Amino acid sequence: MEHQARAEAMEKTNVAIVGMGTVGAGVARLLLDHGDRTARHAGRTLWLEKVVVQDLAKPRNVDLPKGVLTNDLNDVLNDPSIEVVAQLIGGLEPARSIMMKLLESGKDVVTANKALLAEFGPELFDRARELGRSIAFEASVAGGIPIITNISQCLSANQVQSLQAILNGTSNYIVSEMEESEAAFESVVLEAQRLGLAEADPTLDVNGSDAAQKLAILAHLAFGARVHWSEIPLQGIDQLQLVDLKYANQLGYRVKLIAVAKLIAGGLELHVSPTLVKMFTPMSEVRGANNAISVVGDAVGRVFFHGLGAGQMPTASAVVADMMDTAVGRTGLTFKTLELWSDQEARVQMADPATTRSRYYVRLQVLDQPGVLSQITGVLGENNISIASVIQHSPDGQSENNVVPLIVMTHEAHEGEADAAMKKIEQLETVKSSCIRMRVLD
Ligand code: HSE
């Protein structure tokens, strides 16, 4: 607040925050307690004029100057002096309507709401363009990691060739914890909720939807793909079994929820799925609630980004940087040139998932008797799938019902053929479970 008061003499841009949850409070703190930074980096003060909340009485752990807090959005919409608004309301509605109203009242908007952009990006960006306004959204993907700016600006001399990413911190925390404490998915989720690291309803985090929404945004920026997130083949960590994490470790891999966008002959390969990642690679060592994105560009080669993808101050860091960029006019320029989600044709189509290729980890429960392995390898061979290694762990003594786990690592294979092979294998009388199959990233 002191800095806000002291900086009153210098040029300023009036800003507002709509929604004062965890991130909103972090944004207010950066603006109020560190106004010297915005002044130094933007050459102007970002003056917090209004904060709009639903419930004025709710306690907030940020000390707002008198007259700033309001429960009437009109205080922002009808104040032409407010130029930039951080719209920090989650969910789709009323977030969408409020964003429209802000744009229509002449505000440039900053948001962290990836679900809103993944669902209504085209409509919101078209409207912003029509009105000559801008939308900045660095915080919507990977929180504090500046991946949006890097892909859309710093790497713009490249043709991005591939992007592999850990985009959901909750899932990464859960799989890291399952691996370290050898605990089952359900018990780690309960512990994560108790610690406040997972939402009361973590469904969208653990079923891969959140990562797919973020991947759709990155795929649009990096490749010009116009894919709705729900079209992206998706598998979360909610079905992951501890036993597969253990076998992966024995094979020299860690399991991670990996989002992939990669140019292949048929278009853009896109998927989100639990994947075996080679140990001691940077991606395999991303632990806890961290996010990471590995980008390969034709000029730059591979670059790797790592950091916190959620949380109050990492997300506020991205939001305030966007507010500063907007206040000085940088966002307006890139927003115009990027033509995000415009009517232009997509530069690349999504490839048919069946045409993608990968190495696979496969686990089956099979009868421990002569000829079983040859039946299975026979089906794999008929489907052009070459085996890299096989592990069969027969327990000491008699196994239950004579059923044992069989783990097969394949060489690179065709997804469509792998799918067909698994269906045939599951029909064999000697195979007593459905196949667990995961991609492998070396
Ligand atoms: N819930 C997300 C995560 C952060 O766990 O990464 C917000 O998108």
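Every number for a ligand or one of its atoms is a count from 1 in the order of the listing. Just so it is clear, the model here is predicted, and its values are computed rather than measured.
Atoms of ligand 1 found under 4.0 Å from any heavy atom of D210 (numbered from 1 in listed order, with element): 2 (C), 8 (O). Per-residue contacts place G169 under 4.0 angstrom from the following atoms of ligand 1 (heavy atoms of the residue considered): 3 (C), 5 (O), 6 (O). Less than 4.0 angstrom separates some heavy atom of K214 from each of these atoms of ligand 1: 2 (C), 4 (C), 6 (O), 7 (C), 8 (O). Remark: ligand 1 atoms within the under-4.0 Å shell around heavy atoms of A310 are 4 (C).
Judged by distance alone, the side chains of D79 and S81 do bring a donor and an acceptor atom under 3.5 Å apart. T13 and R44 form a side-chain donor-acceptor contact under 3.5 Å, judged by distance and modelled atom types alone. A donor atom on one side chain and an acceptor atom on the other are found under 3.5 Å apart for R363 and Q241.
Looking at E199 against ligand 1, nothing comes within 4.0 Å, counting heavy atoms. At a 4.0 Å heavy-atom cut-off, ligand 1 touches N168 through backbone and side chain alike.
For F335 and F137, the distance between ring centers is not under 6.0 angstrom. Between Y247 and Y253, the distance separating the two ring centers is not shorter than 6.0 angstrom.
For T70, the side-chain contact (heavy atoms from CB on, under 4.5 Å) test picks out K50, V52, D72, D75, with sequence neighbours left out.
Of all protein heavy atoms, the one lying nearest to atom 5 (O) of ligand 1 is T170 OG1, 2.5 Å. Closest to atom 1 (N) of ligand 1, if we only count protein heavy atoms, is D205 OD1, 2.9 Å.
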